[in-house]
Amino acid sequence: MNKSRVRYPPSPTGYLHIGNARTALFNYLFAKKYNGDFIIRIEDTDLERNIADGVSSQMDNLKWLGIEWDESFDKEAEGYGPYFQLERHKIGVYQKVIDQLLENNKAYRCYCTHEELEIEAEAQKSAGLIPKYNGKCRDLEKDIIEENQKNNLDHTIRLRVPEDTDYTWNDIVKGNVTFNSKDVTGDFNLLKQNTIPTYNFAVVVDDYQMDITDVLRGEDHISNTPKQLMIYDALGWKRPNFGHMTLIVNQDGKKLSKRDTNIIQFIEKYKDYGYLPEALFNFIALLGWSPPGEEEIFSKDELIEMFTTDRLSKSSAKFDVNKLNWINNKYITKLTDNEYTDFVLPFLNNKYKIDNQSWAKEITLLYKEQMTYGKEIEELAILFFQEELILNDECKEFLMQDTITETLKAVAHKFDNIDSFNQELIKLSIKEVQKENQVKGKMIFMPIRIATTGQMHGPDLIKTIELLGKDKIIKNINSVINHIS
Ligand code: GLU
């Protein structure tokens with residue numbers, strides 16, 4: 001059996017987006033699972049829309065996610081390169097196929113101008129029709145074509161689209177899909193006026209010449225597939241298998257859009273926010289694919305092992321931010337303390353000016369169990385860096401209860417008398433106040449927590465007090481006592 005070859009062909013018109021990353025990831029899983037090759041080709045023919053760091057954003061972020069390719073421009077395989085479409089264009093790859101199509105009368109030269117075509121399309125639209133090329137140049141006389149060529153007239157190359165013909169394929173995700181040519185397109189362009197190939201043409205030529213066996217891509221391309229099948233057929237080339245994955249939708253079931261500000265759209269942003277690549281890989285793998293059973297935390301190797309195309313989902317994949325955060329938290333808590341502090345400290349240092357790094361490390365460790373993403377440490381640890389204690393209404397209300405001022409005064413006094421302010425002595429002082437003032441449980445620990453941290457909930461209180469340090473603690477308690485009176 002021939003080796004499977006799958007591909008991810010980004011257009012460098014933007015940064016790596018969650019939707020594209022998912023396409024790449026499933027192709028990667030497919031290749032690894034079925035012992036195939038995963039190829040990256042760059043579809044850079046949309047000259048106006050290409051951006052300068054489009055390619056590097058794709059490649060760097062895929063690598064960061066752990067999606068490694070077997071073949072691309074930096075890892076050429078004999079007989080398959082180049083991997084940039086513009087380079088392929090320059091060496092005549094597409095022109096050669098065009099010559100063959102013209103020769104066999106499967107395609108023709110179209111001399112219609114943009115203006116003409118636009119007027120035509122507008123007229124069709126206002127008549128309630130899908131704009132289609134009217135076929136004006138379909139059967140031009142030979143001598144007219146020769147004359148036009150002699151005069152170097154700008155033209156495109158169009159495919160002769162078979163009329164009223166069904167195009168059917170057995171989709172890897174959706175099962176049998178059929179489109180009739182009359183519902184899809186009129187004769188469409190293969191080469192633009194500038195001789196650059198259109199997406200639909202270049203993709204067929206490249207998939208065929210690169211021996212791609214399976215094309216797994218997003219559902220947004222499904223209406224391109226019949227057009228591509230027309231090209232395969234016109235050339236007498238064997239078609240690859242096609243699979244179209246359902247779209248990713250937001251919480252409201254709508255297609256992801258830039259306006260969904262609570263969803264991070266670009267992979268580099270996930271890096272910036274402190275999502276772990278392994279966690280994101282795990283999360284994305286569950287967007288539109290599900291494993292058997294209830295378990296949701298899987299390593300890359302486990303995902304490769306379990307992946308089968310029949311579990312790619314037929315309904316849209318909901319992007320659940322809470323699930324993403326839950327998964328990331330699982331991966332963060334699995335880090336060793338050293339790995340964790342290496343990961344989180346840069347976020348803290350980036351936000352606050354900190355001289356004592358071992359103190360900063362201890363602070364980050366307080367929040368390890370609850371952390372959902374690395375940058376969250378800026379907020380979580382804010383009480384260590386703010387000048388004044390800020391109390392919310394819930395805290396203020398709690399402090400209004402009887403005996404709290406006396407308790408806090410006693411605590412401040414005890415703390416003040418500690419020479420070496422460490423956890424053991426802090427605990428001992430609190431115990432003494434408990435005994436001497438006859439207060440226990442919530443009525444001692446909650447006032448202390450609020451008066452030292454300004455919060456009703458938080459990590460290990462004794463450790464937090466130690467890390468805040470004696471001066472700050474006493475200052476905080478006194479300001480709360482003032483507030484109450
Ligand atoms: N360059 C196309 C895109 O980025 C690739 C589509 C395909 O997989 O055929 O959407």
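One-based numbering, in listed order, for ligands and for the atoms of each. From a predicted model like this one, the values you see are computed outputs, not experimental measurements. All residue numbers refer to positions in the sequence shown, counting from 1.
- Only side-chain heavy atoms of Tyr199 come within less than 4.0 Å of ligand 1; its backbone N, CA, C and O stay farther off.
- For the pair Pro9 and ligand 1, the shortest N or O to N or O distance falls below 3.5 Å.
- Ring orientation note: the planes of His244 and Phe242 are close to parallel, at an angle under 30° on the 30°/60° scale.
- Aromatic ring pairs are classed by plane angle as parallel below 30°, tilted from 30° to 60° and perpendicular above 60°; the pair Tyr208 and Tyr232 is perpendicular.
- Using a cut-off of 4.0 Å between Lys/Arg side-chain N and Asp/Glu carboxylate O, Asp272 and Lys375 are scored as not salt-bridged.
- Listed by atom number, the atoms of ligand 1 under 4.0 Å from Val203 heavy atoms are 9 (O).
- Contact atoms of ligand 1 toward Arg217: 7 (C), 8 (O), 9 (O) (distance under 4.0 Å to a heavy atom of the residue).
- Phe283 has its ring centre less than 6.0 Å from the ring centre of Phe319.
- No donor-acceptor pair under 3.5 Å is formed between the side chain of Thr246 and the backbone N or O of Lys314.
- Using a cutoff of 4.0 Å between basic side-chain nitrogens and carboxylate oxygens, Asp211 and Lys3 are not scored as salt-bridged.
- Nearest to atom 8 (O) of ligand 1 among the protein's heavy atoms is Arg7 NH1, 2.8 Å.
- Remark: minimum distance from atom 3 (C) of ligand 1 to any protein heavy atom is reached at His221 NE2, 3.8 Å.
- Of all protein heavy atoms, the one lying nearest to atom 2 (C) of ligand 1 is Glu43 OE1, 3.4 Å.
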